[in-house]
Every structure is written in structure tokens, then in C-alpha cells.
Amino acid sequence: MSVTHEKMGLSLTQEILSHLGLANKTAAWGTLGTLRTFLSFSADKDVQRLLKAIAGQGVDRIAILDVLTNRSREQRQLISRAFHERTQQDLLKSLQAALSGNLERIVVALLQPAAHLDARELRTALKGSGSAEDVALEILATRTPPQLQECLAVYKHNFQVDAAEDIKSETRGILRDLLLALAKGGREAYTGIIDYNLAAQDIQALKQAEGPSTERTWVLVFTQRNPEHLVRVLNQYQWYTGHELEKTVRARFHGAACVALLNLASVIRNTPLYFADKLHQALQETEPNYQALMRILISRSETDLLSIRAEFRKKFGKSLYSSLQDAVKGDCRSALLALCRAEDL
């Protein structure tokens, strides 16, 4: 029985508790992801099943999704290599030839290494219209330093240009400065020591940073300080001023810069809630934003999607699973539901 079916009957609380005992084990298991390493994994058996799924008169989409959405990303890469060794063909291209539309897009995303998917999404955001402050900031602000470093290396290799060069040419003002600073990956590491003096200094600096020449202060604080320190700054800013820092951002900045800073503040305050908001927004559009749904569900499925689901249910009064069921249509619906995994009662 697949993990999808096993988990259907579990409440969110039970599901989270089932992961907690794994916290000190290998990162491949994760702690709050919906997708874990498949214990009875056999690359050869999965290759046989995929070959059977695409070799018949009709493509067995259910079998393809059952394999790909019940294996970790590392296991999917092993399947791809085993497929090539057995057939001398590329699994990704073989599945692309058998599928179409959004289902093809999600299968491509599932089979790509994480850094390749991030690099492609970052390039699309920077070269597209109006999404740099959204998608680009999401990738640059929420990936771990090693993940970001690998993404930027793949970006340069695949597109023959540094991401920083595209950021410089495609954005401007404080948005450009924020994205460039995040791309450098120079955020301070958390040492476990609370620096109350530095927190007070940062709060005072942000309070006084009102003129055009003070934008660098916002960029420095938001992109260089460690997240634990920034949470303290955000919380204490309200205590010192009587209002949330976000109110100051809305009054001080406009357009893409305002959106970027608000998004960054949301990431800092509560990353799972940030992603819950993005998923809700993607589902509320006239036509669901399938690209956003795919990117977020795939990228967070092995890290914190359970936390995202909990924040979604708490804020919007409806589970992410039910929301996907109601809004998503077509062949990729089963894949997105499988990644989400289960209902939250």
C-alpha cells in the first residue's frame, strides 16, 4: 500500500507526532515533511513499473504518479539513473513524450534535482514580468545556504550567466539590492547568544531610516542578520513603536520594494505561514496558479509541508487538502493531492 493511502486516515496531530521520533535521524527522513524515504525502495522494480506504465496502448498515469509521489527526491534520481542504465533512454524525456499539460509539468519538476528546479524558476521569475519580487525572493530567502549555493551554480551553468547579473539587469532600486544581498548568502549564522544591544541598535536604525539615503539600512538588517535575531527585532519593534514594523514598511516603501520587504518579513516571522499564504493566494485566482502550487508543494514536501498545512488550516479555516480538491482540475490534481498527503480535520 502506498504512503498516500496509509496516511489518509491520520489526523494532522498524529501525522506530526509520527515524525517527531525521527528528528535526530538522517535528514532524508525529515521531521515535518509529508514525503519520506520509501523503506521498501527498489529502483529496478520502480523502473519496471514505469516501463509498463508507458509501454502499453494507454499511459497508466496512476502508476506513474504512485511511484513518483511516494519516493524521496534522492530516490527519484536513483530511479532515473536505473532507467537509463536499463533502457539507454532518459526517463524524463520518455515521460514527457507520454504525458502533456500540467501533469507533464509536475512530472518534470518531480524528476529534476532540487537545484535545477530552483534555478529554472528563478530564471523564469527574473526574465518574466512582475514576479521577481515574489518568486525570486521566495527562492533566495527560504533556501538553506548550501541549497542556495547549489542553485546559483546550476543557474550559471545552465544559462551561462550569473544570477546576480540577471538581477542587476532585470530589477532596480531596493528590490535589486535586496535580491543581490540575499543571493550573496551572507546572512549571519545563529550562535545561540542573544545580543540585546544589537537588537536595540537595529530597531533604532530602522526607526530612523526614513530618507532616500537610508534604504541600505533596511537591506543590511533584513539580509545580514540571522533569523532568530530578526524575529526578536520584529517583535520588539512593535513594543518600542506601538505598531508592527510592517506598517512602517507600507508607509515608507511602495511597489515592488514594499512587496519584497513585506514578504521577507513574513518569511522571518513564520516561514510555514508565509508558504500557507502563498498557496492560498495561488488557489484563489480565477485559474489556480499551477506553477506556484507545484513549486511550493514539491520543494516543501520533504521539509515542512506538515507545518504549512497546519498554518493553512488555522488561518483559513479549511484544510489545504480540501482546498486543492475544490480548486484544482485536470490530471495534475492527483499529484498535488498526493504531495499534500492528507486531510486536516
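All residue numbers in this chain count up from 1 along the given sequence. These figures come from a predicted structure and were not determined experimentally.
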Would you call L337 and T69 a side-chain contact if the rule is heavy atoms closer than 4.5 Å?
no

Restricting to pairs with a member in residues 40-51, which pass salt bridge (Lys or Arg N to Asp or Glu O under 4.0 Å), not counting sequence neighbours?
D46-R71, R49-D66

Taking atom CD of Q284 as the centre, does the number of heavy atoms from other residues, nucleotides or ligands within less than 6.0 Å exceed 12?
yes

Under 4.5 Å between side-chain heavy atoms, counting indirect links through other Ile/Leu/Val/Met/Phe/Trp/Tyr residues: same cluster for Y190 and L220 or not?
no

With a 4.5 Å heavy-atom cut-off, do L178 and L261 have their side chains touching?
yes

Student check: side-chain heavy atoms of L122 and L152 closer than 4.5 Å:
yes

Roughly how far, to the nearest 0.5 Å, is OG of S334 from CG of L324?
11.5 Å

Compare every heavy atom of V154 with every heavy atom of A119, then report the nearest pair and how far apart it is.
CB-CG1, 3.9 Å

Test item: L182 and F222 side chains (from C-beta on) under 4.5 Å apart, heavy atoms
no

Quick one: does any side-chain atom of R333 pair with a main-chain N or O of Q325 as donor and acceptor, under 3.5 Å?
yes

Check L179 against L140 and note the closest heavy-atom contact, atom names and distance.
O-CD1, 3.7 Å

Tell me, with the steps shown, if T37 and E74 meet side-chain contact (heavy atoms from CB on, under 4.5 Å).
CA-CA 8 Å; T37 300; E74 181 180 357; over 6 Å; no

By the salt bridge (Lys or Arg N to Asp or Glu O under 4.0 Å) test, which pairs, at least two apart or in different chains, include something from residues 144-155?
none

Just so I know, are the side chains of Q204 and Y240 near enough to count as touching, which here means a heavy-atom distance under 4.5 Å?
no

With D331 via salt bridge (Lys or Arg N to Asp or Glu O under 4.0 Å) - residues at least two apart
R61

Sub-4.5 Å side-chain heavy-atom contact between L283 and F312
yes

Shortest non-hydrogen contact between A260 and L175, atoms and distance:
CB-CD1, 3.7 Å

Under a 3.5 Å threshold, yes or no: a donor from one side chain and an acceptor from the other, between Q112 and R120?
yes

Could you tell me whether K127 and E170 have a side-chain N and a carboxylate O separated by less than 4.0 Å?
yes

Looking at R313 and D344, is there a salt bridge between them, counting it only when a charged N and a carboxylate O are closer than 4.0 Å?
no

Verify side-chain contact (heavy atoms from CB on, under 4.5 Å) between Y290 and E287, making sure each step is shown before the conclusion.
CA-CA 8 Å; Y290 286 100; E287 175 75 8; 3.3 Å; yes

For L95, which of D90, V108, L68 qualifies under side-chain contact (heavy atoms from CB on, under 4.5 Å)?
L68

Please step through side-chain contact (heavy atoms from CB on, under 4.5 Å) for the pair Q238 and K247, ending with a clear verdict.
CA-CA 10 Å; Q238 183 171 0; K247 181 178 179 180; over 6 Å; no

With the 4.5 Å side-chain cut-off for hydrophobic clustering, are L198 and V219 part of the same group?
no

Can D277 and K315 be counted as an ion pair, charged N to O under 4.0 angstrom?
yes

Heavy atoms, side chains only, cut-off 4.5 Å: are Y274 and R269 in contact?
no

Quick check for you: to the nearest 0.5 Å, what is the distance between H229 atom NE2 and T191 atom OG1?
11.0 Å

Between the CD atom in E121 and the CE atom in M294, the distance rounded to the nearest 0.5 Å is 9.5 Å

Could you tell me if S322 and E343 have a donor-acceptor pair between their side chains, going purely by distance under 3.5 Å?
yes

Regarding R105 and N102, is there a side-chain donor-to-acceptor distance under 3.5 Å anywhere?
yes

Mark yes when over 12 heavy atoms from residues, nucleotides or ligands other than Q149 sit less than 6.0 Å from its CD; otherwise mark no.
no

Please give me the minimum heavy-atom distance between I174 and A257, naming the atom from each residue.
CG2-CB, 2.7 Å

Indicate yes or no: does R143 engage D118 in a salt bridge with an N to O separation below 4.0 Å.
yes

Does the side chain of Y237 pick up a donor-acceptor pair with the side chain of T248 at under 3.5 Å?
yes

Test log, rule side-chain contact (heavy atoms from CB on, under 4.5 Å), inputs F275 and L305:
CA-CA 9 Å; F275 279 114; L305 190 47; over 6 Å; no

With a 4.0 Å cut-off on N to O distance, would you call E165 and K168 a salt bridge?
yes

Spacing of E311 atom CD and H280 atom NE2 [to the nearest 0.5 Å]:
14.0 Å

Between A141 and V267 the two heavy atoms that sit nearest each other are O-CG1, 4.0 Å

Rounded to the nearest 0.5 Å, the SG atom of C332 sits from the CG atom of L339 at a distance of 10.5 Å

Could you tell me if Q77 and S80 have a donor-acceptor pair between their side chains, going purely by distance under 3.5 Å?
no

Distance only, no hydrogens: is a donor on one side chain within 3.5 Å (strictly under) of an acceptor on the other, for N263 and E138?
no

Side-chain contact test, heavy atoms from C-beta onward, threshold under 4.5 Å: evaluate it for K278 versus D134 and give yes or no.
yes

dist K52:NZ -> I64:CD1 (nearest 0.5 Å) comes out at 13.0 Å

I'd like to know whether NE2 of H243 has more than 12 heavy-atom contacts from other residues, nucleotides or ligands below 6.0 angstrom.
yes

